[in-house]
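So you know, we letter chains A, B, ... as the sequences are listed, proteins then strands, and number each from 1. Just so it is clear, the model here is predicted, and its values are computed rather than measured.
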There are 2 protein chains.
Amino acid sequence: MQQSPVPPEPPIYRRIADGLREAILSGELRDGDRLPGENALMAQYGIARATARQALSVLINEGLAVPKRGSGVYVRQFRPIRRHGSRRLSREQWGRGQAIWESDTRGRPYTVDDVTIDREIAEDAVARVLNSREVWVRRRRYSVDGRPVQLSVSHFPAALVENTAITRHDTGPGGVYARLGDLGHTPVHFSEEVRARMPHPHETVQLDLPAGTPVIVIGRVAYTEGGVPVEVNEMILDAASYVLQYDFDS
Amino acid sequence: MQQSPVPPEPPIYRRIADGLREAILSGELRDGDRLPGENALMAQYGIARATARQALSVLINEGLAVPKRGSGVYVRQFRPIRRHGSRRLSREQWGRGQAIWESDTRGRPYTVDDVTIDREIAEDAVARVLNSREVWVRRRRYSVDGRPVQLSVSHFPAALVENTAITRHDTGPGGVYARLGDLGHTPVHFSEEVRARMPHPHETVQLDLPAGTPVIVIGRVAYTEGGVPVEVNEMILDAASYVLQYDFDS
DNA sequence: AAGTGGTCTAGACCACACG
DNA sequence: GTGTGGTCTAGACCACTTC
């Protein structure tokens with residue numbers, strides 16, 4: 001007779017984490033509420049400091065809680081920005097149905113800082129797509145409500161944009177896409193590749209990410225009507241701050 | 001005179017993690033290689049066990065390394081599947097440019113297990129989109145190469161699909177979309193909302209996710225030509241196994 | 001000043017993997 | 001059997017936040 005396998009008891013730190021997670025997901029603990037601290041958990045469960053910390057670290061690494069030094073551990077809030085892929089299709093009737101996830105639809109103003117513009121030798125993947133190793137690179141950081149939410153690195157074939165406003169800080173009215181249009185290379189087709197992963201250290205710093213926050217990586221290629229690739233843009237988004245929306249037919 | 005701020009030394013565990021990360025990202029340690037273990041780090045740096053563990057946990061939570069019980073900690077591998085949003089546009093000329101990220105383009109066979117079909121009362125968000133609280137729900141899990149990569153939960157308005165093959169395991173040739181077509185409700189418009197976050201515990205179990213792996217959450221609504229929503233599908237993807245591709249005009 | 005999280009030490013016992 | 005990671009204890013000092 002086969003012995004029925006006994007489900008092993010989860011370790012203490014996990015049971016504590018499960019209880020706290022339940023309280024968060026059920027709404028018993030709300031956005032911004034303070035969780036029981038290390039000392040409280042030690043007393044309540046009769047455990048060592050390291051064990052209490054381990055329990056809290058589970059929730060922190062899950063992105064459900066954020067530690068504040070000298071203060072406590074708090075329930076994290078989620079108020080994403082909606083980013084539309086195809087504006088054209090999103091405007092159509094059928095695309096105006098109810099969204100699944102609530103999000104901030106009012107166009108909150110974003111600010112741009114840390115703009116840098118350089119002529120560089122592109123890495124292999126970018127060079128292959130643009131058919132050019134020589135590129136102009138525009139790096140920007142976007143913030144909403146004073147909090148950084150996105151890093152963006154745009155690559156343009158150097159031969160195409162040399163001596164245009166695209167190589168300068170002030171790109172003029174309409175921005176870089178308008179300038180590409182002036183050159184007869186209006187981007188009309190876009191291909192976006194979307195990934196998600198944990199952030200690299202420099203991304204954690206630049207986006208001021210708490211532990212347990214993934215980033216969404218969007219690699220976007222813009223093509224002209226003739227199918228010529230004119231821009232490769234890699235965007236790094238704070239995953240907790242964004243919902244991407246893509247609308248399409250067929 | 002303003003004192004120039006002295007950059008504080010990072011803690012030991014962080015410096016060790018930085019060194020190991022460097023070795024991984026530079027390619028010095030390759031996919032599947034074994035990292036120095038806890039004992040090795042203790043000896044090499046003259047630190048306590050907990051500190052060595054803390055260093056390794058950084059890389060594990062970043063998704064760069066995977067611990068194997070009783071064996072060691074290993075460099076993680078990344079070989080994503082490419083998932084296309086709009087098949088139609090992806091086939092067009094301009095969309096056939098080089099991809100930024102390498103991925104497995106050969107259509108690897110996937111298997112479906114854990115299929116369940118139930119009549120349920122939908123949660124608010126789904127009911128609002130479908131204009132129906134009564135829904136049929138199809139849950140599936142997809143695996144590639146024997147490893148689970150995606151969970152999928154499809155909702156259909158009960159009144160629409162009652163007494164059709166959509167409420168049965170065998171949906172017949174063409175699957176549920178063909179059956180919706182039989183009813184005169186062929187889905188032709190799609191709206192997808194994409195998020196990324198750390199997995200919930202049950203997702204970690206069902207997708208067998210190592211620590212440090214985010215999930216991509218896709219909420220997809222299918223509409224008929226007349227703009228009637230006929231399906232809400234929530235997909236949970238192992239973020240390390242997927243690259244999403246979206247192609248669009250304008 | 002008191003409380004909080006951040007780092008670190010020096011032990012311990014366990015289950016599991018590998019040779 | 002030996003080494004590995006997984007869990008846990010009982011202390012310590014520090015920097016920071018809050019009162």
Side-chain angles (χ1 to χ4, degrees), chain A residues 3 5-20 32-76 201 204-205 208-212, chain B residues 3 5-20 32-76 201 204-205 208-212:
Chain A
Q3 181 73 13
V6 179
E9 282 275 307
I12 301 176
Y13 80 93
R14 219 152 241 304
R15 290 208 298 272
I16 296 173
D18 290 347
L20 292 174
D33 279 0
R34 187 178 183 285
L35 269 62
E38 298 174 0
N39 293 341
L41 293 178
M42 289 168 68
Q44 183 179 351
Y45 294 95
I47 55 176
R49 181 111 189 281
T51 306
R53 279 182 69 73
Q54 202 174 2
L56 290 171
S57 77
V58 169
L59 301 171
I60 291 167
N61 280 322
E62 287 177 353
L64 292 174
V66 179
K68 286 203 194 313
R69 244 230 249 287
S71 171
V73 179
Y74 297 84
V75 178
R76 177 164 193 180
T204 303
V205 172
D208 193 24
L209 298 173
Chain B
Q3 182 73 10
V6 179
E9 282 274 308
I12 299 176
Y13 80 94
R14 211 149 251 304
R15 291 207 299 271
I16 296 173
D18 290 347
L20 293 174
D33 279 0
R34 187 176 182 282
L35 269 61
E38 298 174 358
N39 294 339
L41 293 178
M42 289 168 68
Q44 182 179 351
Y45 294 94
I47 55 175
R49 179 108 191 282
T51 307
R53 280 183 68 75
Q54 201 172 3
L56 290 170
S57 78
V58 169
L59 301 172
I60 291 167
N61 281 321
E62 286 177 353
L64 293 174
V66 179
K68 288 204 193 307
R69 249 234 263 283
S71 171
V73 180
Y74 297 84
V75 178
R76 179 163 192 183
T204 302
V205 172
D208 192 25
L209 298 173

Undergrad: Please tell me if R53(A) has a side-chain N or O lying less than 4.0 Å from either OP1 or OP2 of dG6(C).
TA: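 For dG6(C), OP1/OP2 do have a side-chain N/O of R53(A) under 4.0 Å.
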Undergrad: With nearest nucleotide decided by heavy atoms, which residue, A48(A) or P36(B), maps closer to the 5′ end of DNA chain D?
TA: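 The residue closer to the strand's 5' end, by nearest nucleotide, is P36(B).
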Undergrad: Would you say a side-chain N or O of T51(B) is under 4.0 Å from OP1 or OP2 of dT9(C)?
TA: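 Result: yes.
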Undergrad: Roughly how far, to the nearest 0.5 Å, is CE of M42(A) from CZ of R49(A)?
TA: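 It is 7.0 Å, given to the nearest 0.5 Å.
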Undergrad: Which nucleotide in the list dC8(D), dT9(D), dG5(C) gets nearest to the side chain of A50(A)?
TA: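 When the side chain of A50(A) is considered, dT9(D) is the closest of dC8(D), dT9(D), dG5(C).
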Undergrad: How many angstroms lie between CZ in R53(B) and CD1 in I60(B), if you round to the nearest 0.5 Å?
TA: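 Answer for the CZ-CD1 pair, R53(B) versus I60(B), is 7.5 Å.
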Undergrad: Can you check the I47(B) CD1 to dG11(C) C1' distance for me, whole Å?
TA: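 These atoms are roughly 15 Å apart.
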Undergrad: Would you compute the distance between atom CD1 of I16(B) and atom OH of Y45(B) and round it to the nearest 0.5 angstrom?
TA: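 So the gap between those two atoms works out to 5.5 Å.
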Undergrad: Looking at I47(A) and I12(A), what are the two nearest heavy atoms and their distance?
TA: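 Looking at all heavy atoms of both residues, the shortest contact is CG2-CG2, 4.0 Å.
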Undergrad: Using only atom types and a distance under 3.5 Å, with no angle test, would you say the side chain of R15(A) pairs donor to acceptor with the backbone of P10(A)?
TA: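 Yes.
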Undergrad: Which part of the nucleic acid, if any, lies within contact of R34(A), taking any heavy atom under 4.0 Å across all strands shown: a base, the sugar-phosphate backbone alone, or nothing?
TA: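 Answer is sugar-phosphate: R34(A) comes under 4.0 Å of backbone atoms only.
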Undergrad: How many whole angstroms separate atom CD1 of I60(B) from atom C1' of dT4(D)?
TA: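 Nearest whole value for this atom pair: 12 Å.
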Undergrad: Starting from P on dT9(D), measure out to CD on E38(A) and report it in whole angstrom.
TA: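 Checked: the CD to P distance equals 14 Å.
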Undergrad: Take atom CZ of R69(A) and atom P of dT18(D), then tell me their distance rounded to the nearest Å.
TA: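 For the pair R69(A) CZ and dT18(D) P, the rounded distance is 13 Å.
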Undergrad: Between dG5(D) and R49(B), counting only base atoms on the nucleotide and side-chain atoms on the residue, is there a donor-acceptor pair under 3.5 Å?
TA: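 Flag set: donor-acceptor pair detected.
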Undergrad: Less than 4.0 angstrom between a side-chain N/O of Y13(A) and OP1 or OP2 of dT7(D), yes or no?
TA: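 So the side-chain polar atoms of Y13(A) do come within 4.0 Å of the phosphate oxygens OP1 or OP2 of dT7(D), strictly under.
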Undergrad: Could you check how far CD1 of I16(A) sits from P of dT7(D), rounded to whole Å?
TA: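 It is 13 Å, rounded to the nearest whole Å.
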Undergrad: Would you indicate which nucleotide in dT7(C), dG5(C), dT4(C) comes nearest to any side-chain atom of N39(A)?
TA: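 So the side chain of N39(A) is nearest to dT4(C).
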Undergrad: Using whole Å, report how far CE of M42(B) lies from P of dG5(D).
TA: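 About 11 Å, once rounded to whole Å.
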Undergrad: Just how far, in rounded Å, is P of dC13(D) from CD1 of I12(B)?
TA: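 It is 17 Å, rounded to the nearest whole Å.
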Undergrad: Expressed as a whole number of angstroms, how long is the span from L35(A):CG to dT4(C):C1'?
TA: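 About 14 Å, once rounded to whole Å.
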Undergrad: Nearest to the side chain of P11(B) - dG6(C), dT7(D), dC8(C)?
TA: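 Closest nucleotide among those given: dC8(C).
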